2 protein chains.
Amino acid sequence: MTNVIVIGAGGVGTVAALSLKTNGKANVSLVVRSDYPTVVNDGYSIDSIDYGKLSNWTPDHMFKDLNHAFERFPDKFYDYVLITTKNIPDGPKHSRLAEIVRPILERQSEMSKDKRTNILLIQNGIDIEKQLWEQYDTQKYNYTVLSGIEIVGSHKVGPGIIHQMAHEKLTVGPFDMNDAVAIEAAKNFVPLYLNEGKNECVYDGNTRLGRWKKLLYNAVFNTTTALLQIDTSRSIDFGKDGKSTLNEIYIPAMYELQKLAKADGVEIQQSDMDFMLSITHTVLFRPSMCVDVDKNQLTELEVILGNPVKLAEKYNVQIPVLRMLYYLLVVLQNKIKESHGLIKYDEQKLKIVQQLTD
Amino acid sequence: MTNVIVIGAGGVGTVAALSLKTNGKANVSLVVRSDYPTVVNDGYSIDSIDYGKLSNWTPDHMFKDLNHAFERFPDKFYDYVLITTKNIPDGPKHSRLAEIVRPILERQSEMSKDKRTNILLIQNGIDIEKQLWEQYDTQKYNYTVLSGIEIVGSHKVGPGIIHQMAHEKLTVGPFDMNDAVAIEAAKNFVPLYLNEGKNECVYDGNTRLGRWKKLLYNAVFNTTTALLQIDTSRSIDFGKDGKSTLNEIYIPAMYELQKLAKADGVEIQQSDMDFMLSITHTVLFRPSMCVDVDKNQLTELEVILGNPVKLAEKYNVQIPVLRMLYYLLVVLQNKIKESHGLIKYDEQKLKIVQQLTD
């Protein structure tokens, strides 16, 4: 049986574990941090549009952290490691992707010379795989990074309580389009995850285009609403004559992304942009980054907008609207860091005297 | 004796009344709205860098509103009407400049065919005089509009309690540089206001340049800090590498203003911009618009940034950074309006169903 471990038990990770468990072809482990005491006793309460209402639900195993998993099953090799945490490379070191996967990469590369660890990043943003490639040699650690693009309106609404409001669609593919090994691993994952008539799971050989398309929403609507702490509908209707947010921010920012994606080798279509616009004014909705700011939590700014800004510099593409959003949000992110004690600011010397994120 | 009435008894209006009263050549009336019950009994407590610590201070007269003034002194003609309220043309109608001056303009133009009402606007922003010119014929109402640019760190810290932390400098001149009558009225005002060795009051024939220079601060630092709800020092130090706020927002925005002012016929110097930059990182400070947002109060967005955006369209000058700040802040202003009940938003229909600012 294929062993899969899901790291991150929020709305996305729990639904991923549920999809795998429902499918039944994998042995499913879930790393649960804060909710562990609750779910180890009572399991999960899940209200899912795909799987119905479930009480006391659990995957095959639940662990407090990876060491807990290693202690319980010292000989177990996890074929797929799904990462469903938020990706915040400028956050506290222990919460960063490279640190999250370090224990399992180090352990499994020592356990077996033959078996490969397939790390599937079900996370937002672009160029996130580079956080691993820059840190860990793929040969030495014998691993592959796969790209998972998830559409699912799923939220943890309390400890061990999950509401999934939209049908799940997971697109899986290699980060490196030319990596035959990664392509095979991604293709093999689909039949483990897909539950016909319930969720969707498809293979896509060009997930980078999918990531750019998702940025049409995340880099534009997530960012602006986070900055203004407002839902998407109001953000539009509260513009000058109900038009300026669309005409001066959202639409130009999407065209900037289209231009940037093109420089990056993929084509965003007008219909992709029209689709994103069409879904922003259908129901009252606060995008995830806006909710993060509401809760005074660090945002996925760097992978959603910081990396596109870097790419724009690399390709020499002008993206003034996105850059403004980014540089405003950088200040907001640091304000949130300060409130968490990750930055210490001396109000007499007027300077940052300590950065605890390194 | 010259009769002067000051409308607006916040930090600026109270110091204006105090400067006039100290000078002694004018009979000074002050219209006090919310604090009237307090100050009519106890007067003002003022801690002023220019005038020292004063208890139970009052000008010659205090009124709840203009009608109260008219009732008390039916035959009195006010030569100068100083407006020291915030200028929020998109706020509730009763609070707008044209409505504030309406009673006194109508009354005084009927009282005397010979005497002229000189309205001195000690307010931020540009093109604010047009709010009066568009509404009231200068011949029919026999009035002049004068421009007052005030530098004074003065705040109302409680009912009837004023802290003035910076030396006052009031620059007075005509809005219309070619209006000999306005020039004379402005020149005549200076000796009523100036207290040698205490405050400064100077005549300036080109206050439009002064207004552009003040916008270097107000349209750039006020706006950005209001959007981010952060002090000026942190807004800089919390940028990427401590540089992006300066290099991507503040400095480009100031150059945009320089370009726009040039199209408007006045020259902002590099030294003017250097000065503004130099004062933003000397002491922990939240600009007034930031404080307004902190307090969930409507901001002077339209006169500070909305009017420059209109001028940029008129002159066809590109100001992308200022435009982005403006269109983001428009949403924020409407969010504040909604919280005050000035906008009603239907969360089912997803539209504004009522605007109570008209």
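No hydrogens, no waters, no symmetry mates; every other heavy atom, side chains included, goes into these values. All figures in this text were calculated on a predicted structure; none of them were measured in a lab. Lettering follows sequence order; numbering is per chain, from 1.
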Q | Any side-chain heavy-atom pair of A:Thr299 and A:Lys86 under 4.5 Å | A | no
Q.
Quick one, B:Ile126 and B:Pro308 - any side-chain contact, counting heavy atoms below 4.5 Å?
A. yes
Q) Between A:Leu322 and A:Glu256, which heavy-atom pair has the shortest distance, and what is it? A) N-OE1, 2.9 Å
Q | Least distance between heavy atoms, B:His340 atom then B:Gln297 atom | A | NE2-CA, 4.2 Å
Q: Would you mind reporting whether A:Pro89 and A:Leu97 have side-chain heavy atoms less than 4.5 Å apart?
A: no
Q.
What residues of residues 278-290 of chain B make heavy-atom contacts with chain A at a cutoff under 4.5 angstrom?
A. B:His281, B:Thr282, B:Val283, B:Leu284
Q: Answer yes or no: is there a side-chain heavy-atom contact under 4.5 Å between B:Arg323 and B:Glu313?
A: yes
Q. Mind checking which of residues 245-253 of chain B sit less than 4.5 Å from chain A, heavy atom to heavy atom?
A. B:Thr245, B:Glu248, B:Ile249
**Q.** Side-chain donor-acceptor pair present, A:Ser48, A:Gln164, cut-off under 3.5 Å
**A.** yes
**Q.** Close approach to chain B in residues 230-241 of chain A, criterion heavy atom under 4.5 Å
**A.** A:Ile230, A:Ser233, A:Arg234, A:Ser235, A:Asp237, A:Phe238, A:Gly239, A:Lys240
Q | Nearest-0.5 Å distance that lies between atom CE in B:Met254 and atom CE in B:Met273 | A | 6.5 Å
Q.
For the CD atom of A:Glu302 and the CD atom of A:Glu300, what is their distance to the nearest 0.5 Å?
A. 11.5 Å
Q) Is the count of non-hydrogen atoms from other residues, nucleotides or ligands lying under 6.0 Å from A:Lys259 atom NZ greater than 12? A) yes
Q. Would B:Asn87 and B:Gln131 count as having a side-chain donor-acceptor pair, cut-off 3.5 Å?
A. yes
Q.
Counting heavy-atom pairs closer than 4.5 Å to chain B, which one of A:Val331, A:Leu350, A:Asn334 comes out on top?
A. A:Leu350
**Q.** Separation between CG of B:Leu260 and CG of B:Leu311, rounded to the nearest 0.5 Å
**A.** 6.0 Å
Q: May I ask you to name which of B:Leu325, B:Leu328, B:Val321 has the most heavy-atom pairs under 4.5 Å with chain A?
A: B:Leu328
Q: Identify which part of A:Glu338 has an atom lying under 4.5 Å from any heavy atom of chain B, answering side chain, backbone, both or neither.
A: side chain
Q. Heavy atoms, side chains only, cut-off 4.5 Å: are B:Leu342 and B:Leu298 in contact?
A. yes
**Q.** Close side-chain approach of B:Ile49 to B:Met165, heavy-atom, < 4.5 Å
**A.** no
Q. Side-chain contact, heavy-atom cut-off 4.5 Å: B:Gln229 with A:Lys335?
A. yes
Q. Just checking heavy atoms, which of residues 217-228 of chain A are less than 4.5 Å from chain B?
A. A:Thr224, A:Leu227, A:Leu228
**Q.** Distance in Å, B:Lys314 NZ paired with B:Asp264 CG, rounded so as to fall on 0.5 Å steps
**A.** 7.0 Å
Q: Report yes if some heavy atom in the side chain of B:Asp90 is under 4.5 Å from a heavy atom in the side chain of B:Gln333; otherwise report no.
A: yes
Q) Between B:Gly306 and B:Tyr326, which heavy-atom pair has the shortest distance, and what is it? A) CA-CE1, 3.4 Å
